[in-house]
Amino acid sequence: MVEAASAAPAPVVDPLTQTFCANGAVAVVTVVSKQTVRPDGASAVGDVKLSVSDMPMLSCHYIQKGLFFPPPGVPIASLVSSLVCALSRALAVFPALAGRLVTLDDDRIVIRCDDDAAVEFYHAVAPTLSLDEFLVPNADVPTRLTKNLFPMDRTVSYEGHRRPLTSFQLTVLGDGAVFVGFIANHAVVDGTSFWHFFNTWAGLCRGTPVQPPDLRRNFFGDSAAVIRFPGGTGPAVTFDADAPLRERVLHFSVATIRELKAKANQWTRSDKFAEAIGKHVHEAKVQGGCGEISSFQSLCAHIWRAVTRSRRQLAPDATTTFRMAVNCRHRLRPAISPLYFGNAIQSVATTATVAELASNDLRWAAARLNATVVAHEDGAIRRAAAEWEAAPRCFPLGNPDGAALTMGSSPRFPMYDGNDFGWGRPLAVRSGRANKFDGKMSAFPSQAGDGSVDVEFCLSPDTMARLLGDHEFLQYVSHAP
C-alpha cells in the first residue's frame, strides 16, 4: 500500500541538501516527492522484542548504505512505481522494518507491527551531479555529496520510538545514473539482515523467489534484561560525530590478499615467532579452529599495523585495540538460522601494544586476530551475553583513547550479487555519515566479484595523510578495475 504523502507538483527542496562545489557552483540534491509506503497486507507478527544483541545498538546511528547503478533506461516515473510496489511487498515479508519502537510499562522495548506500520520513500534528483563526481579514483570520498544521498542523517536508533525504522531514497543524477539508499535502525537489524532485505527488495523487482527471514527471535530472546532510559530521552552516540575525518575507499586485489594470507601463514615450529604465538594457535585449534589464518584476518592485520604506524602520537607502551563484529548465527550450539532476523553479532577485541605491533611482523598480528575470532564460539558468546545481562548498557562505539580500530561490515555480504533491480548489476557501494569516527573501517566485496575487497577508511586527517605515504602499506593497495 502506498500513500503519496508529499508528491508535490513542485519540487520539495530541503535546504540541508544544498552543497557548494569548489568552483563556487551550487550542487543540489532536491527531494521531489516523499511517499508513505505500507506493507502489502496486514501483519500477524504483533510485538517483536529486542534481544540482548539488539538493545546495545540503541545508541548507534541508523545504518546507511546504498548502491550506485547505471542509467535504468526506463522512464523515472515507471522506475519509482516499480521500486515502491516491490518495497511494499518486501515489507510484508519483513514486517518489523515498517514498525515502531515502543517501551512497555516494564521497560522492555519492542518493535510494534500494527496497522500504523509504514516507511518513507524519497525520490530525489541531482541534475548538476554525475557519477564521476562521486566515484573519483585515488581521492577521498566526497562526503559533502554522499551525505545527501540518505535521509535521516545521523539519527540515533532509539529515535525509532518517534521515527520510521527504515527509510529509502532514490536519487537520479544528471548523467542518468541512480543511487538507491537504504537506511535502517541498527537496533532492529545487523548487516546480515540489512542485506537480506536489500536482496529481497531487488529480487521482487526482478520477479525472483523470496527467502523469508526467520522471525523467531531465538537469539537469547527469553532474557529479562532491559536498559532503562529515565525520562524517555534515550541515549546519545558515544563518540564525537563532528570530529574532522577523511574518508577513502582503498582496493585490495585478490592477488594481493592471497599474498598477505601466504605471508601470515608462513611459519614453522622452529621459528621464534612460533614460540611466541604457539599458545594462541593451540588454543584456537582446541576450540575447533583449523589454525589457518584467513584471507580477511591477514588483510586486517596489515591494516592494523599500518594505521598504528601512522598514529605517531601513540607511545610505544600504549595499548592498541582491533575490534570486529562476529556473526554468531553459525557459532551458537545449536546454531540459529542464517536467515535469523535482527542483530546476532558480538564485538570481539584483540589487543597489543604499539611496540609489539612494530617489532613483530604480519604473521604475529594476524595470528592474534585469528586466535580471538576462532575462540569466540558458543561458550564465549553465552558468557558475553550473561555479562551484558548482569550490567545492561549501550555499546560504547568509538575511539576514546585514539588507539583503536573497528572493522565493520563484511566482504561476505551480498552487496552486488542479488541486488540487481532489473536494470543491471550495481556499480559501487557507498555509505552515509553514520557511526563514523577515527579508526572506523568497513569492508565491502569488490564490484568485480572475484574475491577482491574494498575497505572504507575513516581516519583523522593527519593519520590518513601518513597512511597514504606509507610505502609498506601501499604496496598491497591496488587500483580497482
Short N-O contact, [X] and [Y], less than 4.0 angstrom:
X      : Y      : value
Asp417 : Arg425 : yes
Arg206 : Asp420 : no
Asp107 : Arg228 : yes
Arg311 : Asp438 : yes

Parallel, tilted or perpendicular: ring planes of [X] versus [Y], cut at 30 and 60 degrees:
X      : Y      : value
Phe150 : Phe179 : perpendicular
Phe473 : His302 : parallel
Phe69  : Phe421 : perpendicular
Phe182 : Phe194 : parallel
His61  : Phe239 : perpendicular

Show me the donor-acceptor pairs, under 3.5 Å and distance only, between side chains in residues 77-85 and residues at least two apart or in other chains.
none

Salt bridge (charged side-chain N to carboxylate O under 4.0 Å, His left out), paired with Glu456, selected from Arg248, Lys436, Lys440, Arg430: Lys436

If you define the side chain from C-beta out and look only at heavy atoms, does anything of [X] sit under 4.5 Å from [Y]?
X      : Y      : value
Pro411 : Phe296 : yes
Arg329 : Asp190 : yes
Ser409 : Met415 : yes
Arg112 : Val102 : yes
Thr192 : Tyr340 : no
Leu67  : Leu427 : no
Val29  : Leu129 : yes
Leu101 : Ile111 : yes

What are the two closest heavy atoms between [X] and [Y], and how far apart are they?
X      : Y      : result
Tyr416 : Pro445 : CE1-O, 3.1 Å
Ala92  : Asp40  : CB-O, 3.5 Å
Tyr158 : His161 : O-ND1, 2.9 Å
Pro39  : Ala117 : CD-O, 3.6 Å
Val45  : Cys113 : CG1-SG, 4.4 Å
Pro244 : Pro461 : O-CD, 3.5 Å

Between the side chains of [X] and [Y], does any donor sit under 3.5 Å from an acceptor?
X      : Y      : value
Thr463 : Ser460 : yes
Ser295 : Ser298 : no
Glu120 : Tyr122 : yes
His196 : Gln211 : no

Counting N and O atoms only, with roles assigned by atom type, does the side chain of Arg323 sit under 3.5 Å from a partner on the main chain of Thr406, one being a donor and the other an acceptor? no

So, Trp388 side chain and Arg393 main chain: donor-acceptor pair closer than 3.5 Å or not? yes

Could you please spell out the steps behind the side chain to side chain contact (heavy atoms under 4.5 Å, CB included) verdict for Phe322 and Cys300? CA-CA 9 Å; Phe322 193 100; Cys300 287; 3.6 Å; yes

CA sep, side-chain torsions, deciding dist, call: Asp242, Arg154, salt bridge (charged side-chain N to carboxylate O under 4.0 Å, His left out): CA-CA 11 Å; Asp242 295 318; Arg154 291 183 173 179; 2.9 Å; yes

Stepwise, does the side chain to side chain contact (heavy atoms under 4.5 Å, CB included) test hold for Leu58 with Phe395? CA-CA 8 Å; Leu58 287 166; Phe395 182 68; over 6 Å; no

Which is it for Leu260 and Tyr476 under the side chain to side chain contact (heavy atoms under 4.5 Å, CB included) test, yes or no, and what are the steps along the way? CA-CA 8 Å; Leu260 287 169; Tyr476 292 99; 3.8 Å; yes

Test side chain to side chain contact (heavy atoms under 4.5 Å, CB included) applied to Val119 and Leu165, step by step: CA-CA 7 Å; Val119 306; Leu165 296 183; over 6 Å; no

Let's go through Ser452 and Asp450 carefully: what are the C-alpha distance in whole Å and the side-chain angles of both, what is the deciding distance for side chain to side chain donor-acceptor pair (under 3.5 Å) to 0.1 Å, and is it a yes or a no? CA-CA 6 Å; Ser452 52; Asp450 60 356; 2.5 Å; yes

Sole residue of Thr155, Asp153, Asn185, Asn435 in side-chain hydrogen bond (donor to acceptor under 3.5 Å, both in side chains) with Tyr62: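 Running side-chain hydrogen bond (donor to acceptor under 3.5 Å, both in side chains) over Thr155, Asp153, Asn185, Asn435 with Tyr62 returns exactly one hit, Asn185.
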
